[in-house]
Amino acid sequence: MIRILTNDGIDETGKKMLLDAGFDVITDKVEQASLGEFLDQNQVQVLTVRSATKVDSAVLHSGKHLKLVARGGVGIDNIDSETAGKLGIPVINTPASSSDSVAELVIAGMFSMCRFLYDSNRQMPSKGDTDFNDLKKKYAGGTELKNKTLGIVGLGRIGKSVASRALGLGMKVLAYDPSVSIANISIDIHGAGKLMVPIQTSSLDEVISNCDYLTLHVPGGQIVGENEINKMKKGVCIINTSRGGVVNEKALIEGLNSGKIAHAFLDVFTNEPKPDKALLQHAKISLTPHIGAATKEAQERIGIELAEKIIDHFKN
Ligand code: NAD
């Protein structure tokens, strides 16, 4: 029987599929320090993780029975794929399952910024009954998203899903992606079918210098630093749900302090799980703790996709 350790958990539907297919599924959470030893002693052949567990070289070398490492989610930067490759252990992920959830969080972040929701939520509990009228004045002057321009850098799965929602809200969408020249964006209108809207991509400079909101959906690497911020419109809002460092954090804080950037929304940080306090406590940053894919729907889809891929891998 093939033994699987789902170290960062797996949705019940995916777990049932694996059990029904005859796999032995261990759902214990093994601490990082003893993971290698656990894999070896329990003869674990498949290790599934999300983003919390690090599958580093030591873990891979200790898990002598490992035949597959599976990441529930997109980014595999917590897995040493190079070492896995050398040891002949394939690494798989579930890239499509979380796109809609991340896209919805991006839209939530934009609404949070344009109506000061995150700051209002910080102030109302302590001052709502004493300074109501002052707070009312402070949060007046919000703006609508309709007719604003959204710049999307990275027009892959998540970028397209964000584009679809933004178009549905009446935003203008500009996009940059070196591998895409034109993308057909599908807008699902519940009960009334689909509308296809073509988007022709532009240069990075054109996108960053013309948008009111900028959102990044690339695999990693710095896209926005001081130079790029200098080219942006005053009052731009920046959203990063892709990876910490895609927006340089120091340059972001400087841009917010100078007033060039109005607000930022961050779900990801360079130093997770201990992000820089200057970001966490900044009055103009709306924050979430890397929860882009953390919806019930996405986790169920991830569990199903993982189970299907694992079952398929051991089919013969
Ligand atoms: P994807 O592979 O479908 O799309 C990425 C796109 O970025 C590709 O089209 C690629 O051509 C483009 N790209 C690469 N380098 C670029 C560059 N320098 N400039 C512009 N475009 C570039 O990936 P996806 O499924 O859309 O996911 C995007 C990222 O979102 C992932 O890599 C992951 O880091 C992140 N993510 C975050 C969460 C979260 O919880 N916050 C969840 C899922 C994914």
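All heavy atoms count here, side chains included; hydrogens, waters and symmetry mates do not. Here the structure is a predicted model, which is why all the values come from computation and not from measurement. Both counts, for ligands and for their atoms, begin at 1 and track the order of listing.
When non-hydrogen atoms are compared, ligand 1 lies under 4.0 Å from the side chain of V102 (C-beta onward) but not from its backbone. Contacts between S98 and ligand 1, counted as non-hydrogen atom pairs separated by less than 4.0 Å, involve the side chain only. Residue contacts with ligand 1, taken as heavy atom pairs separated by less than 4.0 Å, involve I158 via backbone and side-chain atoms alike. By the criterion of a heavy-atom distance under 4.0 Å, the side chain of I223, and not its backbone, is placed next to ligand 1.
Residues K15 and F23 are not in side-chain contact: their nearest non-hydrogen atoms beyond the backbone lie 4.5 Å or more apart. A 4.5 Å side-chain heavy-atom check between Q299 and I302 finds at least one atom pair inside the cut-off.
Of the protein's non-hydrogen atoms, the one nearest atom 31 (C) of ligand 1 is V74 CG1, 3.8 Å. The nearest heavy-atom contact from the protein to atom 4 (O) of ligand 1 is G156 CA, 3.3 Å. Annotation: atom 32 (O) of ligand 1 to nearest protein heavy atom, P219 CA, 3.3 Å. Closest to atom 1 (P) of ligand 1 among all protein heavy atoms lies R157 NH2, 3.5 Å. At the shortest separation from atom 12 (C) of ligand 1 among protein heavy atoms lies D177 OD2, 3.2 Å.
Of the candidates V218, N240, V153, V207, the one placing a heavy atom closest to atom 29 (C) of ligand 1 is V218.
In terms of polar-atom proximity, defined here as any N/O pair under 3.5 Å, G292 does make such a contact with ligand 1.
When each atom of ligand 1 is checked for a heavy atom of H290 under 4.0 Å away, the hits are 39 (C), 40 (O), 41 (N). Interface atoms of ligand 1 facing P178, defined by a heavy-atom separation under 4.0 Å, are 19 (N), 20 (C), 21 (N), 22 (C). When each atom of ligand 1 is checked for a heavy atom of S179 under 4.0 Å away, the hits are 11 (O).
Ring to ring, H290 and F269 are not that close: their centroids are 6.0 angstrom or more apart.
Between Y139 and F116, the two ring planes are tilted [angle within 30° to 60°].
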